[in-house]
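Order of appearance sets the numbers: ligands from 1, and atoms from 1 within every ligand. Worth knowing before you read on, the calculation uses all heavy atoms, side chains too, and leaves out hydrogens, waters and symmetry mates.
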Amino acid sequence: MEGASERLAELLRARGREWPAPIECFEEVGSTNEVLKLRARDAWPEWTVALAERQTEGRGRHGRAWISAPGNLHLSVLIRPALPAGAASVLPLAAGLAVCQAVAEGGVAAELKWPNDVLVHGRKLAGVLVESASGSRGIESAVVGVGVNVGVVPAELAPDEAERITSIAAQTGAKADILVVAAAVLVRLRVCYDALAKGGPAAVVQGWLRHAVPWWGRGVEVRSEGRKLSGIARGVDARGALLLEDASGFVFPVLSGEVRAVRLGEP
Ligand code: BT5
């Protein structure tokens, strides 16, 4: 990735963003999130960026793997959240929204699936992993990791997974430039983050809802912390929690989990 850092900085400059922190581009790392967690401990500045062509240990949430093929974007950003109380839990939504807006620039109409998936026609295009480190004063740093299938649908997927995944190139039929996508994601992420810092979570949640998979009022099943919950999806609250209505009409927040649409009453 020779010259990639300079080119990305130049693309950001052309969009009116003089990037305020180092941008590191690697050919191969374990995980760009891991690189930035080390940088956070070494007091690197906010908005430090790590990007890699390949990850050998790319990861998703709850110990799941993120398959990281050359040709795709693997990007992490370090932030030190100066956010109002409660706003940090909306960071994954803000990052998903930024990715959705960024790929729209290249003509891809994506939808957001709670909490962190970016889908096109139900197929996963991108995922977000936010990892925070807390100290006595709350969250001290957060690493926002973004994986976007830009050029390829990774080959080493299980057969049933391959049809649930897509890439920008598969959607547009044209070659996409990883660094152009990276610049768009970074610019959009800063805008979403500023909105979060200044206006609190409401603006980000509203923006997120505008692009969300439209299953409000429909039956969903959520697997959350070993439990299976089902009910009617009613929306997302100001903390980014999914609001679920149970059979008695009681609406309660679910903070994390995996959701799928179901017909209520299904076994
Ligand atoms: C995510 O987790 O979707 C978060 C992915 C974040 C990846 C970025 S890459 C840069 C940074 N460095 C890292 O190490 N990670 C971040 P989750 O919701 O848990 O989804 C994981 C699931 O997505 C897997 O179990 C697979 O089913 C599926 N998956 C794996 N690789 C994929 C890919 N390349 N494209 C689409 N789906 C994938």
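Contacts with ligand 1 closer than 4.0 Å are made by side-chain heavy atoms of Ile165 only, the backbone lying farther away. When non-hydrogen atoms are compared, ligand 1 lies under 4.0 Å from the backbone of Arg59 as well as from its side chain. Under 4.0 Å from ligand 1, the heavy atoms of Val128 that appear belong solely to its backbone. With a heavy-atom cut-off of 4.0 Å, Leu75 touches ligand 1 through its backbone alone. Under 4.0 Å from ligand 1, not a single heavy atom of Glu34 appears.
Residue contact check for ligand 1: Ala65 places a non-hydrogen atom closer than 4.0 Å to it. Note on ligand 1: His62 sits outside its first shell, no heavy atom being nearer than 4.0 Å.
Residue-ligand proximity, Pro154 to ligand 1, at heavy-atom distances under 4.0 Å covers atoms 34 (N). Near Ser76, the atoms of ligand 1 lying under 4.0 angstrom from a non-hydrogen atom of the residue are 11 (C). Shown in contact with Asn116 at under 4.0 Å from a heavy atom are these atoms of ligand 1, numbered in order with element: 1 (C), 2 (O), 3 (O), 4 (C), 18 (O). Listed by atom number, the atoms of ligand 1 under 4.0 Å from Thr32 heavy atoms are 10 (C), 11 (C), 12 (N). Every atom of ligand 1 with a heavy atom of Gly58 under 4.0 Å away is listed here by number and element: 14 (O).
Counting only non-hydrogen atoms, the option in Asn149, Val152, Thr166, Asn72 that gets closest to atom 35 (N) of ligand 1 is Asn149. Of the options Glu57, Lys124, Arg64, the smallest heavy-atom separation from atom 23 (O) of ligand 1 is shown by Lys124.
Nearest protein neighbour of atom 38 (C) of ligand 1, counting heavy atoms only, is Trp66 CZ3, 3.4 Å. Atom 34 (N) of ligand 1 has as its closest protein heavy atom Ile67 O, 2.9 Å. Here the heavy atom of the protein found nearest to atom 12 (N) of ligand 1 is Gln55 OE1, 3.0 Å.
An N or O contact shorter than 3.5 Å links Arg61 to ligand 1 by distance. Residue Gly147 has no nitrogen or oxygen atom sitting less than 3.5 Å from a nitrogen or oxygen atom of ligand 1, judged on distance alone. When only interatomic distances are considered, the shortest N/O to N/O separation between Glu161 and ligand 1 falls below 3.5 Å.
Nearest approach of Ala182 to Leu75, heavy atoms of both residues: O-CD2, 4.5 Å. Closest approach of Ala109 to Val120, counting heavy atoms only: O-CG1, 3.9 Å. Here the shortest heavy-atom pairing between Cys100 and Ala110 reads SG-O, 3.5 Å. Contact record, Arg61 with Gly257: NH1-O, 3.7 Å, taken as the closest heavy-atom pair. Residues Val150 and Ala176 come closest through the heavy atom pair CG1-CB, 3.6 Å.
For the 3.5 Å distance criterion, the side chains of Ser31 and Asn33 fail to qualify, holding no donor opposite an acceptor.
The structure places CH2 of Trp208 at 9.5 Å from CG of Leu97, a figure rounded to the nearest 0.5 Å.
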Trace of the side chain to side chain donor-acceptor pair (under 3.5 Å) decision for Gln171 with Thr166
CA-CA 7 Å; Gln171 290 300 319; Thr166 192; 2.9 Å; yes
Show your reasoning for whether side chain to side chain donor-acceptor pair (under 3.5 Å) applies to Ser5 and Glu24.
CA-CA 6 Å; Ser5 306; Glu24 293 188 291; over 6 Å; no
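Salt bridge Arg260/Glu221: present, at least one basic N to carboxylate O contact under 4.0 Å.
Counting heavy-atom neighbours within 6.0 Å of Glu258 CD, excluding the residue itself, gives a total above 12.
Remark: Arg13 fails to qualify as a cation-pi partner of Trp19 under the 6.0 Å distance and 45° angle criteria applied to the six-membered ring.
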